[in-house]
Amino acid sequence: MNDHTERFGSSLRDRWMLDPAITYLNHGTVGAPPREVLDFQRTLSDEIERNPAKFLLRGFADHAAVGGPSRMRDAISHVAAFVGTAPDDLVFVDNITTGVNAVLRSFPLRHGDEIAVTTLGYGGVANAASYAARTSGATLRTIDMPSPGEPPHVFVEAIERGLSAATRILVVDHLTSATALILPVADIARACHARGVLVLADGAHVPGNIALDIESLGVDWYSANLHKWAWAPRSCGVLWTSPAQQPYLRPVVTSWGFDNGIAAEFDLPGTRDPSPFLSAPFAIGLMNEYGLEAIRDYNHGLAWWSGQMLADAWGTTFAPPESMVGSMATVPLPPSLGSNQRDADRLRGSLERAGIEAPVLVARSGLAVRVSAQIYCDREDVERLAQTVNELPAA
Ligand SMILES: Cc1ncc(COP(=O)(O)O)c(C=O)c1O
């Protein structure tokens, strides 16, 4: 693996709240913030509760009444440096689903236009695209994507082939959910722009998982979660919008920031708990203390090793090239364990009873399990998964 093996691994597990009796290989699904981040958030909540009216109404978000920089804007400037954007073009959203909804509901779609999604996209996001299309007289196009194992350019070509003259927006994952593949988003954006198609990137799994410099990708919008891999408390997402697309952008919820620019519009969606957003800079700072590159290297090394080791143990094939793997690996399960959703649910239940938390997915070629590597995991955790699966009865 790499030099960080000794420093990272199960000895760090008590820095998380995770139940020590559970082998937790599912960091990606909803994230898991370290104890220190939760302690910071609790301290912040205590500060809020000492004078909630003052904290939430005066000085926390951009608003005519505030004047000067707000705590939300101060927090976003730390996050902007982390994800590679200008602070003025970045806003907090509750989660990536909210960010995607804001873009798709704001975009001036016309009757006959198309929104394109891909077969590798996340279901909730595809639903948001479907709703935006339905309410504007547009249609939804779903582009068929290659199977894991193909090199990056094949994914770009599939998208190029899948667009039509009516496509206005492509919604595409930077790091896919079920298949855990890093897609060549910059190349995809170039190909789309050459055809007049705007690109909304879904970076749900990206910040903290792989290196990220949003502005260099050349997309038009980028929404992401910080509560998955950037160690922020739930729920905490961001939405970046290129300056050209900002004039008509609105949050899903309209409130006091109306017509005062995107910072005010998104920072003031009515009363809500700001502590996840205001804790994000602390979470990023903590990652930097551990060493951001060291974390990513360790997690990638463990995910890549897990892909090969599990496939060997189960007699299946882990196909993606290493350049398309981040901190997660989706590995095909032995065909004898079944192939449909019922089999997947049964299998997940068996893993849960064995004390292992990992998602079991129905992939195109059968069942697969997704392993998330985080610095509290080590090879023994993944070996336990390998062995547990090998001891399960056939379907
Ligand atoms: C690719 C992708 N997009 C969107 C989401 C939705 O994230 P959230 O529920 O935090 O909005 C997920 C969740 O796992 C995801 O994997």
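In listed order, ligands and their atoms are each counted from 1. No hydrogens, no waters, no symmetry mates; every other heavy atom, side chains included, goes into these values.
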Requested in this report: Heavy-atom contacts with Ala204 under 4.0 Å: which atoms of ligand 1 show up? List them by number with element.
Outcome: 1 (C), 2 (C), 3 (N), 4 (C), 5 (C), 12 (C), 15 (C)

Requested in this report: Check the angle between the aromatic planes of Trp231 and Tyr290 and answer parallel, tilted or perpendicular using the 30° and 60° thresholds.
Outcome: perpendicular

**Report entry** Proximal atoms of ligand 1 relative to Asn95 (non-hydrogen, under 4.0 Å)
**Finding:** 8 (P), 10 (O), 11 (O)

**Report entry** Protein heavy atom at shortest distance from atom 14 (O) of ligand 1
**Finding:** Lys228 NZ, 2.6 Å

Query raised in the report: Any chance the side chains of Asp173 and His205 put a donor and an acceptor closer than 3.5 Å?
Result: no

Query - N/O separation below 3.5 Å, Asn225 to ligand 1 - result: yes

Report task. Among all protein heavy atoms, pick the one closest to atom 3 (N) of ligand 1 and tell me residue, atom and distance. Result -> Asp202 OD2, 2.6 Å

Report task. Could you tell me whether Ser177 and ligand 1 have an N or O pair separated by under 3.5 Å? Result -> yes

Requested in this report: Measure the CH2-CG distance between Trp221 and Leu249 for me, rounded to the nearest 0.5 Å.
Outcome: 9.0 Å

Report task. Could you walk me through whether Asp378 and Ser10 pass the side chain to side chain donor-acceptor pair (under 3.5 Å) test, one step at a time? Result -> CA-CA 6 Å; Asp378 52 31; Ser10 56; 2.8 Å; yes

**Report entry** Intermediate values then yes/no, side chain to side chain donor-acceptor pair (under 3.5 Å), Thr85 and Glu215
**Finding:** CA-CA 6 Å; Thr85 73; Glu215 286 190 15; 4.9 Å; no

Query - Cys377 SG to Asn299 CG distance, which is reported to the nearest 0.5 Å - result: 7.5 Å

Report summary line: The protein heavy atom nearest to atom 1 (C) of ligand 1 is Asp173 OD2, 3.2 Å

Report summary line: Among non-hydrogen protein atoms, atom 8 (P) of ligand 1 lies closest to Thr97 OG1, 3.5 Å

Query raised in the report: Is the shortest N/O to N/O distance between Tyr122 and ligand 1 below 3.5 Å?
Result: no

**Report entry** Atoms of ligand 1, numbered as shown, that sit under 4.0 Å from any heavy atom of His227
**Finding:** 10 (O)

Report task. With sequence neighbours excluded, give me every side chain to side chain donor-acceptor pair (under 3.5 Å) pair touching residues 118-135. Result -> none

